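Below you'll find the structure, written out as C-alpha cells, and then a few comments.
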4 protein chains.
Amino acid sequence: MTDKKENIIQAALELFASEGYNAVATSKIAKVAGVSEGLIFRHFENKKGLLDAIMQDAEIRISQVFAPILFELDPQKVIQKTLELPFSIEQKEYNFWKLQYKLKWEPEYHNPRKMKPVLDKLEWAFAELGYQNPPLEAELVIYILDSIAIAILREGLQSQLKFKSFLVSKYNS
Amino acid sequence: MTDKKENIIQAALELFASEGYNAVATSKIAKVAGVSEGLIFRHFENKKGLLDAIMQDAEIRISQVFAPILFELDPQKVIQKTLELPFSIEQKEYNFWKLQYKLKWEPEYHNPRKMKPVLDKLEWAFAELGYQNPPLEAELVIYILDSIAIAILREGLQSQLKFKSFLVSKYNS
Amino acid sequence: MTDKKENIIQAALELFASEGYNAVATSKIAKVAGVSEGLIFRHFENKKGLLDAIMQDAEIRISQVFAPILFELDPQKVIQKTLELPFSIEQKEYNFWKLQYKLKWEPEYHNPRKMKPVLDKLEWAFAELGYQNPPLEAELVIYILDSIAIAILREGLQSQLKFKSFLVSKYNS
Amino acid sequence: MTDKKENIIQAALELFASEGYNAVATSKIAKVAGVSEGLIFRHFENKKGLLDAIMQDAEIRISQVFAPILFELDPQKVIQKTLELPFSIEQKEYNFWKLQYKLKWEPEYHNPRKMKPVLDKLEWAFAELGYQNPPLEAELVIYILDSIAIAILREGLQSQLKFKSFLVSKYNS
DNA sequence: TATGAATGAGTATTCATTCAT
DNA sequence: GATGAATGAATACTCATTCAT
C-alpha cells in the first residue's frame, strides 16, 4: 500500500472515530491526510468504500487480538485473558476501537460473528469449570467487557482499572 | 405544545434514533412530520436545538423510569428492580432509548449524572447485603444492564429474555 | 395613524437607513417596532409598500425644509440659507436623510424633481447677483451640499462645521 | 487567475453595482458568470469574501487612476487634472465605480485613506497658488468631483459635460 | 499515481407573506 | 386592529464525486 493511501486510511479512521462517519467531509479527510481530495476516489470507490476498507482491516486486527485466547488450553486462563482484554487496548488503537463500537449501531457493520470464536471458547471454559449455564456466563462476560471497553475509550484507562482485579477475583473459583 | 411542534419532535426522535443525527436532513424530518421545513426553525432555533429539545424531554422520562427503584426500601428488591429495567422498555420507547445510547458518544450529551441516583441506591443495597465491594458491584450491574439494553434495542426483547432470570438468580444471595 | 402603524414606520426607517432595505428582515422590523410580523402586512401591502410609505412621508418633510428658502426674497440670503441647510439637520432626522441618500441609487426613488424648486430659486439668485452662469452655479451648490450632507450623516456634524463659514464667505460677493 | 474565477468576479461586480450586494443571489452570480454555484465558494470563502476580493482589486485600479496627478509638478495642472477625473471614467468601468460609491455607506468599505494622497497633492497645489485656505479648498474639490462622478454614473457623461469647462475656468487663477 | 478545478445535488436556514383566530 | 402559527420559495453554503491534465 502506498504511503498516501495509508495516510488517507489513517486520517479517515481518526476522523470517523472522533466525529462520526456522516459528520466528516471527504475534503477534511484529504486535508488531514495531506493529499488531494480526488485521490480518495482513485483509491476508494466512494466515501463508503473508504469506510469499508477500514472495517476490513479491522477484521484482521481483531482476530490477532483474540488469537492468544483461542490458543489457550487452561479454562481458567481463558477467562482471565478475556477479562484482561479491554485493559490492554493501546492508546494508539483507541480510534480503531471507538469506530468499532460506534458502528455497532449500523446493522451493516455490526457482525456478531467476529466475537463468535471467543464466545465459544469462553463457553467451553465455563463448562470445563462446572458453571451451571456456560452459554449465558460467556455472553455476560462479553457484555461486561464491552461496557468497560466503551468506558475506557470514553474516559480513559485509569477510570476503569479498578475493575481489573475485581473481575479477575470474581471469576476465580 | 401545538400539534405540529409535537409532530416535529416525534419525527425527529424516530429519524435521529434510526439513522443518526447527522444523517437526517431537516427536509426529511419535515416530510415525516407532515409540516413545512420552515416550521422546524420557527419552533427550534436550529437542527441542534431540536435535538436539545428532545434530550431535555429525556431527562424527565428517565427520572420517571428510575423513581420506583429510588423509593424501594428493601435492598434485595432494589437490585431486582434494577435488573429488570431493560426488559421492561416498551416497544414505543425504543427510539427514545436508542437515541440515548447512540448519543453517549457525544460528550455533550453523555452525562453520567443521570445514572447517579440509581448507582448510589444500588451501592447502598449491596452494602446492606454485605457485599465486599459495593461501589464496583453497583457499577458492574449498570454496565451489564447497558449492554443488555443495547442488545434488546438492536435485536429485540426476545433475544435477551434468557438473561432475566439468570441475572436475578445470580444476584439472589 | 395608529400608534402601532407609526411604530412600524419608525422602526423600518431606522433599520432601512442603517442596514439597507434588502438587509433588513420584516421579522426584525416587527421586533424593533414591538408588533407582530403579520401586522406589517395588514398596514402595508408588502415590504416594498412599507418603504414607499416612508418615502411618501419624505416628500412632505423635504418640502417643509425647503420652504424658508423658497419664500426668501433677498438673493444673497437665498444662497446663504441654502448653504446652511446641511448644517441644520437635526440628529433625530439623520436616519431619514441617510435613507434618502442611499436610495438615490435606485432609479425608482431618485427623483430630482424634489430639488427642482430650490434649484430654480438658486438660479434666480445667482442671476440677480450677476453671476455669469447661474444654472451651473446653482447646480454646483447643490452638489457641494449633497457631499457635505453625506459627510455629516456619516461622520457627524462636527467634522464638517469648518465648511460652514468657508462656503458662506466664498459665496459672499 | 483562472478564466472562471475571473468570470465570477466580473459577474459579481456587474450585479453588485447595479442591484446592490444584498439584493444579488449567489445563484444569479453563478448563472451570469456561467459557472456552477459551488465554484463561487471554492474560490471565495463566502459571498462577502467575493466582495472583498473585488474591493481589493479596486485599490490597485484606483491608485492607477490617481498616479498621473501625484506625479504632476505644476500646481495649476494638478488641479486641472483632478477636475477632469470624473469626465474620463470609461464606460466599462462604470460598474466598478458605482460599487465604490454605493459601498461608501458601509463603514467597512469606506476608507478615506484611498483619497488621502490626492487630497494632499491638491492641498499643496492650492497652497502654491496662494489660496487662503488650501485644506478646505482641496476637500471641496473632492466633494464636487464626487457629486459629479455620481451624477455621471447615474445619468451618463453627457448630462455633466457642461461642468468640465465651467470648473476648469473657475479654478483658473 | 496524483492534483485541483469544477460540478450539481443537497443542506440548514431565512424570509416575505398568508391565514385562521 | 392584532396576533402568531404556518408556509414555500429562495438563500448562502457544503459535499461527494468527476474529470482533464
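In what follows, every chain begins at residue 1, and chains take the letters A, B, ... in the order their sequences are listed. As the structure is a computational prediction, the values presented were derived from the model and not from experiment.
- Put simply, CG on Asn7(B) is 15 Å from P on dA5(F), counting in whole angstrom units.
- dG4(E) atom C1' lies 13 Å from atom CD1 of Ile40(A), rounded to whole Å.
- With dC15(E), dA2(F), dT3(E) as the choices, the nucleotide that has an atom nearest any side-chain atom of Ala25(C) turns out to be dC15(E).
- As rounded to whole Å, 10 Å separates atom P of dC15(E) from atom CD of Glu37(C).
- Although no hydrogens or angles enter the test, the distance criterion places a donor-acceptor pair under 3.5 Å between the side chain of Lys47(C) and the main chain of Val24(C).
- Rounded to an integer number of Å, the gap from Glu6(B) CD to dA6(F) P is 13 Å.
- Shortest non-hydrogen contact noted between Ala30(A) and Ile40(A) is N-CD1, 3.9 Å.
- For Arg42(C) against dA2(F), a side-chain N or O and a base N or O form a donor-acceptor pair under 3.5 Å.
- The residue among Asp3(A) and Phe41(C) whose nearest nucleotide of DNA chain E lies closer to the 5′ end is Asp3(A).
- Residue Lys5(C) is out of contact with every strand shown, counting any heavy-atom pair closer than 4.0 Å.
- Where Leu39(A) and Tyr21(B) each meet DNA chain E at their nearest nucleotide, the meeting point lying more 5' is that of Leu39(A).
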Exercise. Evaluate the side-chain contact (heavy atoms from CB on, under 4.5 Å) criterion for residues Leu51(A) and Leu99(A): first the C-alpha distance (whole Å), next the side-chain angles of each, then the deciding distance (0.1 Å), finally the verdict.
Key: CA-CA 10 Å; Leu51(A) 177 58; Leu99(A) 189 54; 4.3 Å; yes
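- Checking Lys47(D) against Gly34(C), the closest nucleotide of DNA chain F that is more toward the 5' end is the one next to Gly34(C).
- Comparing atom distances between the Ser36(A) side chain and each of dT11(E), dT3(E), dG4(F) picks out dT3(E) as nearest.
- Remark: of the listed residues Tyr109(A), Phe16(A), Trp105(A), Phe16(A) is the sole one forming a ring-ring contact (aromatic ring centres under 6.0 Å, His included) with Tyr21(A).
- The partner of dT14(E) is dA9(F), by the rule that a Watson-Crick or G-U pair needs both atom distances under 3.5 Å.
- Look at dA2(F): its Watson-Crick or wobble partner, with both distances under 3.5 angstrom, is dT21(E).
- If Lys4(C) and His43(B) are placed on DNA chain F by their nearest nucleotide, the residue sitting closer to the 5' end is Lys4(C).
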